[in-house]
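Take a look at the structure below.
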There are 2 protein chains.
Amino acid sequence: MLNLPFTRKTFMASGYLVRQGDRCDTVSVLLDGYCYGQKDDGEGNCQIVSLAIPSDVIGLEHLYLQTTDHNVRALTTVDVAMIPLSAVQQLSASRPAVAHALGIHQAINHAIAREWIVNIGARDGLRRVAHFLCEFAVRCDAWRGDTAAGYELPMSQEQIGQATGLTAVHVNRMLKTLHAAGLIERSWRNVVFSNWEGLRDVACFSSDYLHPGRQVPAPGYRTV
Amino acid sequence: MLNLPFTRKTFMASGYLVRQGDRCDTVSVLLDGYCYGQKDDGEGNCQIVSLAIPSDVIGLEHLYLQTTDHNVRALTTVDVAMIPLSAVQQLSASRPAVAHALGIHQAINHAIAREWIVNIGARDGLRRVAHFLCEFAVRCDAWRGDTAAGYELPMSQEQIGQATGLTAVHVNRMLKTLHAAGLIERSWRNVVFSNWEGLRDVACFSSDYLHPGRQVPAPGYRTV
DNA sequence: CGGTATTTTGAGCAGTGTCAAAGACGGTGG
DNA sequence: CCACCGTCTTTGACACTGCTCAAAATACCG
């Protein structure tokens, strides 16, 4: 068995799991709830740079970088298993297949970051919000193993705005527009995709960048 | 010695080193020239998602993902050493310190991507261009080991626009504004930082995210 | 030396941001 | 169980950043 030491911990919504500038010595696994990565632009504006859903690993970069360049905060009440960095290092060293899996996870997160750059840099408001919704749905589906009819967005429109580079007011207008186009139904934070194909087309969403089932198998290691 | 097999190859400006969707079986080291990562937004717009300068490693994610989610293209005439994936895998397996160094490189590239998200998502045009110039200068300085008086930008204003989420016309205006503010001098593609502190302040640029000299040392491995 | 790509500039416009206020929801304490 | 309160959502009017289109000037390349 892996026999990994860990500490279970709970954070309230908006609490900090990791702070920018920290010297971090743990890697966490998100057991329940949602988190987001956040970075200050130096003038009070905060940009959301990533999203973590249950089963995601948080802080993999701590294996390689001494300090953290962004905050990680709880979007909802959150339950994590915090593992000492040294334990992760030992495990990766003794189990190359584990190291490989962590590398895959990091590579996918990086790919998601690239897609966010495209989303924010190249698409207009409507497509941006649509794409954001698509990504969230697909990632949640992948985690749960099935396709849900509707999703409870764990974030406010203000936060969606911080993730897409729009204002909360504009996010609201775009959601309304998507509804008017018959692509989504919603009430409060619940979203139902009444026309998934249509939404996907508006967003130009393709799940390729999430690399579903297309990872490189661990090369030549016995997985024991 | 490492004894790594490689093929040296030259690409003309705008040539493709890697194409979106490819199954890639090489990792490249950029020996000379500049490259950029590019992704289509699905509607003809192309967003630049990364920049590679000499000594950068291109395609590290091929170790973990079977297909590539973005293009890598030459910005200038480019000279690379292409290494078979299997050789890199073997080397990482036999030399943990090498694997660790690659992880650091990947983590820093990821950190840069996060900062680009902040730049494009949270800053206005002027700050965006200023930040872009700062990052380019600092990365080039780090590579060459000294601080240059001026920099030859290896890209057109159109391309700067694709990297910052602005139009070429607006990039031009922002460069003019930066000049008018006494922060930069320039002629054609050559840029001189006549007031580095000022530019840095406008951009809210901090080199922390490039993690200069703050990587985690390879844990417990003998480097031989 | 001509051709092509890039830079530069101007004018007008569209998409987003800003500001402000009203309405909806959910939690809390009496 | 209900009233209150704070947060979030929704809406409108208006301002402004950045985009579009177009053309001239400039630099590079064969």
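Letters A, B, ... are given to chains in the order of the sequence lines, protein chains preceding strands, and every chain is numbered from 1. The structure presented is a predicted model; accordingly, all values stated were derived computationally and were not measured.
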Please classify the nucleic acid contact of B:Arg173 as base, sugar-phosphate, or nothing, using heavy-atom distances under 4.0 Å. base
Give the nucleotide from the list D:dT10, D:dG18, C:dT18 with an atom nearest to the side chain of A:Thr167. C:dT18
Remember a base hit wins even if backbone is also touched, and classify A:Arg186 as base, sugar-phosphate or nothing at under 4.0 Å, heavy atoms. sugar-phosphate
Under the side chain to side chain contact (heavy atoms under 4.5 Å, CB included) criterion, do A:Ser50 and A:Tyr36 qualify, and how do the steps go? CA-CA 6 Å; A:Ser50 61; A:Tyr36 62 105; 6.0 Å; no
Would you mind classifying the nucleic acid contact of A:Gly165 as base, sugar-phosphate or nothing, using non-hydrogen atoms under 4.0 angstrom? sugar-phosphate
In terms of side-chain heavy atoms of B:Leu166, which of D:dC8, D:dG18, D:dT11 is nearest? D:dG18
Whole-Å distance, A:Gln162 CD to D:dC8 P, equals 11 Å
Measure from CH2 on A:Trp188 to P on D:dT10 and round the result to the nearest Å. 8 Å
Atom-pair distance (CZ on B:Arg189; C1' on C:dT8), nearest Å: 14 Å
Does D:dT11 have OP1 or OP2 sitting under 4.0 Å from an N or O in the side chain of A:Lys176? yes
Quick one: do A:Arg127 and B:Glu43 make a salt bridge, cutoff under 4.0 Å? yes
Length of the CG-P vector between B:Leu75 and C:dA5, whole Å: 17 Å
Take the protein atom CG of A:Asn172 and the nucleotide atom P of C:dG23, then report the distance between them rounded to whole Å. 16 Å
For the residue pair A:His131 and A:Tyr209, does the interplanar ring angle fall in the parallel (under 30°), tilted (30 to 60°) or perpendicular (over 60°) class? parallel
Lys/Arg N to Asp/Glu carboxylate O, A:Asp79 vs A:Lys9, below 4.0 Å: no
Lys/Arg-Asp/Glu bridge criterion (N-O < 4.0 Å) met for A:Arg128, A:Glu115: no
D:dT26 P sits how many Å from B:Gln157 CD, rounded? 15 Å
Length of the NE2-C1' vector between A:His170 and D:dG18, whole Å: 13 Å
Between P of D:dA27 and CG of B:Asn190, the distance in whole Å: 14 Å
By nearest nucleotide on DNA chain C, pick out whichever of B:Val169 and A:Leu126 is the more 5' one. B:Val169
